[in-house]
2 protein chains.
Amino acid sequence: MMGEDKFDTSPEWVDGETKALEAPGDHRAELRLWLRLLTCSTLVESEIRRRLREEFDSTLPRFDLMAQLERAPDGMVLGEVSKRMMVSPGNITVLVERLTESGHISRTTLPTDRRVQVIALTPFGRAEFEKMAATHADWISDLFAGLSPKESGVLMDELAKLKRSVISALAKNT
Amino acid sequence: MMGEDKFDTSPEWVDGETKALEAPGDHRAELRLWLRLLTCSTLVESEIRRRLREEFDSTLPRFDLMAQLERAPDGMVLGEVSKRMMVSPGNITVLVERLTESGHISRTTLPTDRRVQVIALTPFGRAEFEKMAATHADWISDLFAGLSPKESGVLMDELAKLKRSVISALAKNT
DNA sequence: ACAATAAATTTCAAGCTTAAAATTGTTTTG
DNA sequence: CAAAACAATTTTAAGCTTGAAATTTATTGT
């Protein structure tokens with residue numbers, strides 16, 4: 001863990017005053033930041049889920065899966081979908097079953113390797129997805145409307161740093 | 001769907017100046033921002049879930065519920081817990097059942113209003129939670145270690161703006 | 001060729017989550 | 001004082017999610 005750079009040689013804006021008030025191992029600032037991040041994403045996510053259900057009788061996982069397939073005209077292997085969506089393989093199996101039943105996607109066993117399943121949007125699924133995607137984009141735009149382009153840019157950059165930080169921490173712990 | 005209004009005869013509300021570089025309805029920047037936010041929170045969240053399970057044989061919802069109770073020495077009403085955690089009331093019922101079984105929390109029916117259930121941490125639950133909380137704080141600190149205090153501050157502020165934006169958008173749509 | 005190994009996917013058991021309906025208890029009002 | 005309205009919670013049905021075990025298929029070393 002960090003924050004114990006007692007011999008910190010970092011820039012002057014880290015003044016003794018700020019540090020003086022913090023005990024070693026005081027992680028309150030990070031915790032607040034994490035809670036705020038989680039609150040924001042929960043607020044947006046649950047609203048999107050609600051609207052997908054009400055207006056399209058669909059769900060976020062279904063939408064996300066179709067979004068992955070939209071940019072893969074030749075389809076995608078299940079394992080790849082699982083990785084990109086950051087969910088477990090078993091999860092994909094269930095989603096694919098339902099989306100196949102409802103006619104939104106097709107699934108094919110690869111002839112050269114019968115372990116491999118390739119899924120792709122059907123024309124119907126693509127049409128449905130495009131309708132949803134356009135509306136979805138409006139929703140997001142709406143929810144984020146209070147941020148100026150400049151503020152969006154700053155947030156984008158800071159989140160990029162956070163993402164790098166998290167990924168690097170994950171990589172370290174084996 | 002979007003982009004098909006080739007024969008749109010609607011008024012030219014689009015101000016040529018601001019929108020000069022963007023097609024009407026171009027929400028790509030907001031979408032990217034939302035995806036990045038979601039990625040960050042998913043990365044952190046799933047790592048925290050994993051560690052809670054592996055190191056404490058617990059779950060994030062249980063931890064969150066206990067965290068709410070920690071600051072309420074006299075206990076809290078179920079409805080209040082539900083609101084603070086931003087989850088459905090039915091969800092709380094299940095969590096409370098299990099945490100009561102395992103001895104982490106106690107539940108009492110309010111004598112003055114027998115509809116109301118008050119839950120509180122037991123001494124055992126408090127001790128367990130304190131162990132988890134300390135470790136949890138280290139995990140978060142670790143994952144966020146790549147951000148300087150200044151960057152954390154900026155991110156904190158931008159997320160505050162986003163939170164206001166989302167809440168205000170939710171309030172508008174009734 | 002063939003046993004061991006590895007890879008892709010599915011199955012399983014358990015728990016989380018939600019919205020809507022039902023239940024139980026309280027308050028307000030005619 | 002009832003009846004209606006309201007409030008807190010639980011139940012229900014359906015779907016999501018996971019990790020681990022199992023299954024199916026391919027590859028590799030001998």
Side-chain angles (χ1 to χ4, degrees), chain A residues 38 41-43 45-66 68 75-102 104-105 107-119, chain B residues 38 41-43 45-66 68 75-102 104-105 107-119:
Chain A
L38 187 55
S41 97
T42 302
L43 278 173
E45 201 177 326
S46 48
E47 180 67 8
I48 296 298
R49 283 181 196 276
R50 195 179 63 72
R51 294 190 188 178
L52 280 175
R53 179 174 37 76
E54 288 186 356
E55 305 204 7
F56 294 105
D57 193 26
S58 188
T59 68
L60 194 49
R62 279 173 226 235
F63 179 79
D64 288 344
L65 176 34
M66 289 195 278
Q68 292 298 332
M76 199 180 276
V77 171
L78 290 197
E80 178 68 14
V81 177
S82 165
K83 265 178 233 147
R84 294 209 189 196
M85 290 179 67
M86 299 197 285
V87 301
S88 66
N91 199 334
I92 298 298
T93 298
V94 183
L95 283 172
V96 165
E97 267 170 22
R98 312 223 193 245
L99 282 168
T100 305
E101 279 169 22
S102 62
H104 290 86
I105 68 176
R107 83 194 301 173
T108 322
T109 300
L110 206 66
T112 56
D113 185 340
R114 301 215 310 272
R115 291 171 305 181
V116 178
Q117 306 278 324
V118 177
I119 58 177
Chain B
L38 188 56
S41 94
T42 302
L43 279 174
E45 201 177 326
S46 48
E47 181 67 7
I48 296 299
R49 283 181 196 277
R50 195 177 64 72
R51 294 190 188 178
L52 280 176
R53 180 174 37 74
E54 289 186 355
E55 306 203 7
F56 295 104
D57 191 26
S58 189
T59 69
L60 195 47
R62 279 173 227 234
F63 179 79
D64 288 343
L65 177 33
M66 288 195 278
Q68 292 298 332
M76 199 180 276
V77 171
L78 290 196
E80 177 68 15
V81 177
S82 166
K83 265 177 232 147
R84 294 210 189 195
M85 289 179 70
M86 298 197 286
V87 302
S88 66
N91 200 333
I92 298 297
T93 298
V94 183
L95 284 173
V96 166
E97 268 168 23
R98 311 223 195 247
L99 282 168
T100 304
E101 279 168 24
S102 62
H104 290 86
I105 68 176
R107 85 194 299 174
T108 322
T109 300
L110 207 65
T112 58
D113 185 339
R114 301 213 312 270
R115 291 170 305 183
V116 179
Q117 306 278 324
V118 176
I119 57 177

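The chains referred to below are lettered A, B, ... by the order of the sequence lines, with proteins before strands, and numbering in each begins at 1. Just so we're clear, the structure is a prediction, and the values are computed from it rather than from any experiment.
Contact annotation: A:S46 side-chain N/O to C:dT18 OP1/OP2 distance is not under 4.0 Å. Applying the 4.0 Å criterion to OP1 and OP2 of C:dT10, one finds that A:R107 has a side-chain N or O inside that range. Of the side-chain N and O atoms in B:R53, one or more sit less than 4.0 angstrom from OP1 or OP2 of D:dG19. Residue B:N91 has a polar side-chain atom (N or O) positioned under 4.0 Å from OP1 or OP2 of C:dT18.
Here C:dC16 is the nucleotide among C:dC16, C:dG25, D:dT10 with the atom lying nearest to any side-chain atom of B:L95.
With contacts defined as side-chain heavy-atom distances shorter than 4.5 Å, the pair A:V96/A:L65 qualifies. Between A:S82 and A:M76 there is no side-chain heavy-atom pair separated by less than 4.5 Å.
In this structure, A:D57 places its CG atom 12 Å from C1' of D:dA14, rounding to the nearest Å. To the nearest angstrom, P of C:dT17 lies 19 Å from CD1 of A:I48.
In this structure, B:D113 and B:R62 both approach DNA chain C, and ranking their closest nucleotides by distance from the 5' end singles out B:R62.
Among the protein residues, A:P61 comes within range of the sugar-phosphate backbone only, with heavy atoms under 4.0 Å from sugar or phosphate atoms but none that close to a base.
Of the residues in residues 79-87 of chain A, those with a non-hydrogen atom less than 4.0 angstrom from any atom of DNA chain C are A:G79.
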